[in-house]
Enquirer: 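Please see the structure below; I have some questions.
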Amino acid sequence: MRMTTVSRALAALFMIATLCISVAAYSADASNQYNAGLDRTESGKYTEAITAYNTAITLEPSYFEAWDGLADALNRDGQFNEALAASNRSLGINPGYVQGWINRGQILYNIGYWYEDIAHNTGAADSLYAEQLTAFEKAVALEPGNAEAWFNKG
């Protein structure tokens, strides 16, 4: 039993170190643009956020957090198909990124809602809602203690 606890602790430290190394690998300019994107998204300035995230991605094409931030800003701006494409890029780079799965679920919800409420296509909406649930389940499986993932799954 003690070995299991030690193994878990070592695995957790390895994950934290891996995440820190990958974030530190990004250039200062890309990181600054990413942070500007976060600030603009929080301020509701989605066009400016999209520009900042795109700049970060141009500087660091494998910056999966910037791809996810872009997906979030596009989703909030109502550009759902573009948001889903950016989400695909983020999760293609890092399929273990929990926040990416949460954002993907939110994007799929918005697309599904559009099909249900605007297009009146409940079949397409139901399919998207099922895919949304799968995204939240993936987030929960990756990080069982993540309250945001559980809340969205519910």
Side-chain angles (χ1 to χ4, degrees), residues 1-28 30-46 49-50 52-54 56-57 59-116 125-154:
M1 177 100 164
R2 183 179 179 107
M3 193 61 162
T4 304
T5 303
V6 170
S7 297
R8 287 184 184 164
L10 288 173
L13 286 172
F14 176 76
M15 290 294 291
I16 291 168
T18 302
L19 289 173
C20 290
I21 289 168
S22 64
V23 170
Y26 302 133
S27 70
S31 295
N32 289 339
Q33 288 299 311
Y34 171 75
N35 289 327
L38 289 174
D39 290 342
R40 301 307 184 284
T41 300
E42 279 297 311
S43 299
K45 299 175 182 175
Y46 305 126
I50 291 165
Y53 289 128
N54 277 324
I57 290 164
L59 295 168
E60 300 283 349
S62 65
Y63 200 156
F64 64 90
E65 298 96 337
W67 280 106
D68 185 62
L70 176 63
D72 183 36
L74 288 164
N75 185 42
R76 292 176 189 223
D77 197 43
Q79 299 180 54
F80 306 128
N81 291 329
E82 294 84 355
L84 191 57
S87 174
N88 289 340
R89 292 294 299 267
S90 175
L91 292 170
I93 296 165
N94 185 356
Y97 187 47
V98 173
Q99 189 60 47
W101 287 104
I102 293 170
N103 283 341
R104 181 179 185 79
Q106 293 167 341
I107 294 163
L108 291 164
Y109 171 80
N110 285 335
I111 297 171
Y113 182 80
W114 184 89
Y115 273 99
E116 180 179 10
D126 288 346
S127 176
L128 288 157
Y129 292 148
E131 194 176 343
Q132 167 203 6
L133 179 59
T134 300
F136 293 136
E137 288 173 341
K138 180 71 173 176
V140 167
L142 287 166
E143 192 177 312
N146 188 303
E148 185 181 5
W150 278 104
F151 175 82
N152 281 292
K153 181 181 175 187

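Numbering starts at 1 and runs along the sequence shown.
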Enquirer: How long is the span from the OG atom in S27 to the CG atom in L59, to the nearest 0.5 Å?
Expert: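 Those atoms lie 5.0 Å apart.
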Enquirer: Grab the two heavy atoms, one from A139 and one from A149, that are nearest each other, plus how far apart they are.
Expert: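 That closest heavy-atom pairing would be CB-CB, 3.7 Å.
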Enquirer: Determine whether the side chains of Y129 and E116 contain a donor N or O and an acceptor N or O closer than 3.5 Å.
Expert: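 Yes - a donor-acceptor pair under 3.5 Å links their side chains.
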Enquirer: Taking the six-membered ring for Trp, are Y26 and F64 parallel (under 30°), tilted (30 to 60°) or perpendicular (over 60°)?
Expert: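 Because their plane-to-plane angle is over 60°, the rings of Y26 and F64 count as perpendicular.
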Enquirer: Measuring from F136:CZ to Q106:CD, what's the distance to the nearest 0.5 Å?
Expert: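 These two atoms lie 5.0 Å from each other.
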Enquirer: Are the side chains of I102 and Q99 in contact, using a 4.5 Å heavy-atom criterion?
Expert: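 Yes, their side chains come closer than 4.5 Å.
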Enquirer: Do you know the tightest heavy-atom contact between L142 and P95?
Expert: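 Minimum heavy-atom contact is CD1-O, 3.8 Å.
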Enquirer: Find out whether L38 and T41 are in side-chain contact, i.e. whether some heavy atom of one side chain is under 4.5 Å from a heavy atom of the other.
Expert: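 No - every pair of side-chain heavy atoms lies 4.5 Å or more apart.
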Enquirer: So which heavy atom on P61 is nearest to which on I93, and how close?
Expert: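 Result for this residue pair: O-CD1, 3.7 Å.
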Enquirer: Would you say the side-chain atoms of W101 pair up with the backbone N or O of T134, donor to acceptor, closer than 3.5 Å?
Expert: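 Judged by distance alone, no pair lies under 3.5 Å.
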Enquirer: Does the side chain of F80 come within less than 4.5 Å of L84's, by heavy atoms?
Expert: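 The answer is no, as the side chains (C-beta and beyond) never meet within the 4.5 Å cut-off.
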Enquirer: Looking only at heavy atoms, which two atoms of D68 and S90 are closest? And how far apart?
Expert: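 Heavy atoms only, the tightest pair is CB-OG, 3.5 Å.
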Enquirer: Looking only at side chains, do N103 and N75 share a donor and an acceptor under 3.5 Å apart?
Expert: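 No, because no side-chain N or O of N103 sits under 3.5 Å from a partner of the opposite role on N75.
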Enquirer: Check side-chain contact (heavy atoms from CB on, under 4.5 Å) between E131 and all other residues, then give those that pass, not counting sequence neighbours.
Expert: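 side-chain contact (heavy atoms from CB on, under 4.5 Å) check on E131 returns R104, L108, L128.
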Enquirer: Rounded to the nearest 0.5 Å, what's the gap from CG on L70 to CG on N54? Could you check?
Expert: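 With rounding to 0.5 Å, CG (L70) is 5.0 Å from CG (N54).
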Enquirer: Distance check, rounded to the nearest 0.5 Å: Y63 atom OH versus W67 atom CH2?
Expert: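 One finds 13.5 Å between OH of Y63 and CH2 of W67.
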Enquirer: Is the side chain of N152 donor-acceptor paired with the backbone N or O of E148 at a distance under 3.5 Å, no angle test?
Expert: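 Present.
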Enquirer: Please check if atom NZ in K45 has more than 12 non-hydrogen atoms from other residues, nucleotides or ligands closer than 6.0 Å.
Expert: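 No, because the 6.0 Å sphere around NZ of K45 holds 12 heavy atoms or fewer from other groups.
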Enquirer: What residues form a salt bridge (Lys or Arg N to Asp or Glu O under 4.0 Å) with R89, not counting sequence neighbours?
Expert: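 Checked R89 against salt bridge (Lys or Arg N to Asp or Glu O under 4.0 Å); zero matches.
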Enquirer: Please report the shortest heavy-atom distance between Y53 and A73, naming the atom on each side.
Expert: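 Taking every non-hydrogen atom into account, CE1-CB, 4.1 Å.
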Enquirer: To the nearest 0.5 Å, tell me how far Q132 CD sits from E137 CD.
Expert: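 If we round to the nearest 0.5 Å, Q132:CD and E137:CD are 10.5 Å apart.
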Enquirer: Is any side-chain heavy atom of E60 closer than 4.5 Å to a side-chain heavy atom of Y34?
Expert: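 A side-chain contact is absent here, since even the closest heavy-atom pair is not under 4.5 Å.
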Enquirer: Y97 and E65: which non-hydrogen atoms are nearest, and at how many Å?
Expert: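 What the structure gives for the nearest pair is OH-CG, 3.7 Å.
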